[in-house]
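Below, chain A is the first sequence line, B the second, and so on; all start at residue 1. Values reported hereafter were calculated over all heavy atoms of this structure, with side chains retained and with hydrogens, waters and symmetry mates removed.
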Amino acid sequence: MPASLMVLKPSFFNRDPRRVARALLGKLLVRKTRRAILAGRIVETEAYLGENDDAAHAVAGKTARNAVLFGPPGFAYVYFIYGNHYCLNVSCLPDGIAGGVLFRALEPVTGIEEMAEARGIEINGPDDLKRISVLRQIASGPGRMCEALGVTRERDNDKNFTGLRSDLRILDDHYRVRRVIITPRIGIAKAAGYLLRYVIAENPFVSGPRMPHVREAAS
DNA sequence: ATATCGATTATCT
DNA sequence: GATAATCGATATG
């Protein structure tokens with residue numbers, strides 16, 4: 001029996017970002033476009049706390065840029081970074097209290113060819129769609145993931161993830177996450193040392209260098 | 001395999 | 001004017 005597919009509701013996000021970050025692992029992030037449905041399984045997240053977290057954008061208080069983090073739970077906070085990349089977060093906690101979770105990596109599930117095209121990755125034959133080394137380039141990293149899904153601040157900031165008609169949603173297909181590893185967050189200088197990065201153990205689509213062992217069989 | 005560096009711009013000091 | 005929740009390219013062992 002295929003389990004039913006549930007859209008995550010606001011209450012899912014109305015709690016501590018650490019719990020949300022952990023609970024998001026294994027869920028499906030889905031983007032609907034005219035041409036296709038793009039989706040990936042969430043394999044890596046980071047929690048960003050409120051005004052106490054020196055690494056969080058909310059630390060300086062509410063501004064035009066970070067206002068979504070202070071708003072109601074379940075909304076997209078998208079920011080532009082390093083002059084090149086977008087990063088996607090979801091707001092957590094009730095209206096008025098800042099907090100969010102950064103999506104850092106997906107395992108591609110559907111719309112793989114469309115996502116590869118959006119990333120400028122060339123697919124040479126159906127075999128390429130099964131190679132981990134190729135699939136890993138699609139959405140293993142927050143900037144890559146946004147490029148694959150076509151996420152921009154202009155298009156998606158302040159979008160409601162929990163709307164049934166939203167073109168950006170998170171679905172629960174009852175996938176079971178076996179083991180989770182918690183590490184320091186990536187790419188931050190302040191408030192390093194906090195363990196707020198959540199990854200699915202042994203999953204090859206987590207960002208960063210691969211473990212030397214897990215290599216593909218030679219062709 | 002690891003290390004270093006340049007790109008490129010919104011945002012804040 | 002400096003910085004940044006990144007990426008991809010290049011260099012080197």
Side-chain angles (χ1 to χ4, degrees), chain A residues 13 16-18 20-22 24-25 29 40 42-71 75-93 98-106 108 115-123 132-158 161 181-199 204-216 218:
Chain A
F13 303 100
D16 188 292
R18 288 168 286 207
V20 177
R22 166 62 184 82
L24 280 172
L25 293 179
L29 178 56
I42 299 163
V43 301
E44 176 179 355
T45 58
E46 282 178 0
Y48 284 86
L49 313 181
E51 301 178 64
N52 313 325
D53 180 356
D54 285 335
H57 289 178
V59 71
K62 187 173 174 177
T63 68
R65 180 208 198 192
N66 67 19
V68 175
L69 290 174
F70 290 80
F75 285 71
Y77 168 53
V78 184
Y79 63 89
F80 189 59
I81 192 70
Y82 294 113
N84 287 306
H85 310 288
Y86 292 96
C87 290
L88 174 66
N89 302 249
V90 58
S91 61
C92 301
L93 298 169
V101 171
L102 170 69
F103 297 94
R104 288 194 55 91
L106 303 179
M115 291 193 285
E117 184 178 5
R119 290 271 301 120
I121 297 164
E122 198 171 343
I123 302 294
I132 290 177
S133 59
V134 173
L135 296 176
R136 252 185 68 76
Q137 300 177 77
I138 293 178
S140 292
R144 291 168 166 184
M145 190 199 78
C146 284
E147 189 170 38
L149 298 178
V151 169
T152 67
R153 179 169 174 93
E154 296 70 27
R155 180 189 276 151
D156 298 304
N157 191 57
D158 204 24
F161 275 106
I181 294 175
I182 306 177
T183 80
R185 292 174 293 187
I186 302 292
I188 57 166
K190 292 168 275 185
Y194 288 109
L195 301 174
L196 294 174
R197 172 172 175 258
Y198 299 77
V199 307
F205 297 95
V206 168
S207 72
R210 297 294 5 274
M211 293 292 100
H213 330 290
V214 196
R215 262 197 302 273
E216 296 175 67

Is atom [atom1] of [X] surrounded by more than 12 heavy atoms (other residues, nucleotides or ligands) closer than 6.0 Å?
{"X": "A:Glu122", "atom1": "CD", "result": "no"}
{"X": "A:Arg18", "atom1": "CZ", "result": "no"}
{"X": "A:Tyr194", "atom1": "OH", "result": "no"}

At under 4.0 Å between heavy atoms, what does [X] touch on the DNA or RNA strands: base, sugar-phosphate, or nothing?
{"X": "A:Gly143", "result": "sugar-phosphate"}
{"X": "A:Arg197", "result": "nothing"}
{"X": "A:Leu102", "result": "base"}
{"X": "A:Arg185", "result": "nothing"}
{"X": "A:Phe80", "result": "sugar-phosphate"}

Query raised in the report: OP1 or OP2 of B:dT9 less than 4.0 angstrom from a side-chain nitrogen or oxygen of A:Arg153, does that happen here?
Result: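 No, A:Arg153 has no side-chain N/O under 4.0 Å of OP1/OP2 on B:dT9.
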Query raised in the report: Start at the 5' end of DNA chain C and walk down; is the nucleotide closest to A:Arg119 or to A:Leu88 reached first?
Result: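 Per heavy-atom nearest nucleotide, the more 5' residue is A:Leu88.
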Requested in this report: For A:Gln137 and for A:Ile188, find the nucleotide of DNA chain C with the closest heavy atom, then tell me which residue's nucleotide is more 5'.
Outcome: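 Final value for this comparison: A:Ile188.
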Query - Nearest to side-chain heavy atoms of A:Asn84, which nucleotide of B:dT8, C:dC7, B:dC12 - result: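 Of B:dT8, C:dC7, B:dC12, B:dT8 is nearest to the side chain of A:Asn84.
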Query raised in the report: Looking at B:dT2, C:dT6, B:dT11, which one has an atom nearest to any side-chain atom of A:Pro142?
Result: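 Of the candidates, C:dT6 comes closest.
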In whole angstrom, what separates [X]'s [atom1] from [N]'s [atom2]?
{"X": "A:Leu49", "N": "C:dA5", "atom1": "CG", "atom2": "P", "value": "15 Å"}
{"X": "A:Ile81", "N": "C:dT6", "atom1": "CD1", "atom2": "C1'", "value": "8 Å"}
{"X": "A:Lys190", "N": "C:dA5", "atom1": "NZ", "atom2": "C1'", "value": "10 Å"}
{"X": "A:Asp53", "N": "C:dA5", "atom1": "CG", "atom2": "C1'", "value": "10 Å"}
{"X": "A:Glu154", "N": "B:dT9", "atom1": "CD", "atom2": "P", "value": "12 Å"}
{"X": "A:Leu69", "N": "B:dT11", "atom1": "CG", "atom2": "P", "value": "13 Å"}
{"X": "A:Leu196", "N": "C:dA5", "atom1": "CG", "atom2": "C1'", "value": "12 Å"}
{"X": "A:His57", "N": "B:dT11", "atom1": "NE2", "atom2": "P", "value": "11 Å"}

Query raised in the report: Would you call the rings of A:Tyr79 and A:His57 parallel, tilted or perpendicular if under 30° counts as parallel and over 60° as perpendicular?
Result: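 Ring orientation of A:Tyr79 relative to A:His57: perpendicular.
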Query raised in the report: Is the ring centre of A:Tyr77 less than 6.0 Å from the ring centre of A:Phe75?
Result: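 No.
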Query raised in the report: Of A:Tyr82 and A:Thr63, whose nearest nucleotide on DNA chain B comes first from the 5' end?
Result: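 Its nearest nucleotide lies further toward 5', so the answer is A:Tyr82.
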Query - Least distance between heavy atoms, A:Asp156 atom then A:Ala76 atom - result: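 For A:Asp156 versus A:Ala76, the nearest heavy atoms are O-CB, 3.4 Å.
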Query raised in the report: Is a donor-acceptor contact shorter than 3.5 angstrom present between the side chain of A:Tyr79 and the base of C:dA5?
Result: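 Answer is yes: a donor-acceptor pair is held.
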Report summary line: Writing each nucleotide of DNA chain B 5' to 3' as (, ), [, ], | or . by Watson-Crick or G-U pairing under 3.5 Å yields |||||||.||||.
Query raised in the report: Within a strict 4.5 Å, meaning less than it, do heavy atoms of the A:Leu196 and A:Pro184 side chains meet?
Result: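 A side-chain contact under 4.5 Å is absent here.
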Query raised in the report: What do the steps show when you test A:Leu29 against A:Met145 for side-chain contact (heavy atoms from CB on, under 4.5 Å), and what is the final call?
Result: CA-CA 10 Å; A:Leu29 178 56; A:Met145 190 199 78; 4.0 Å; yes
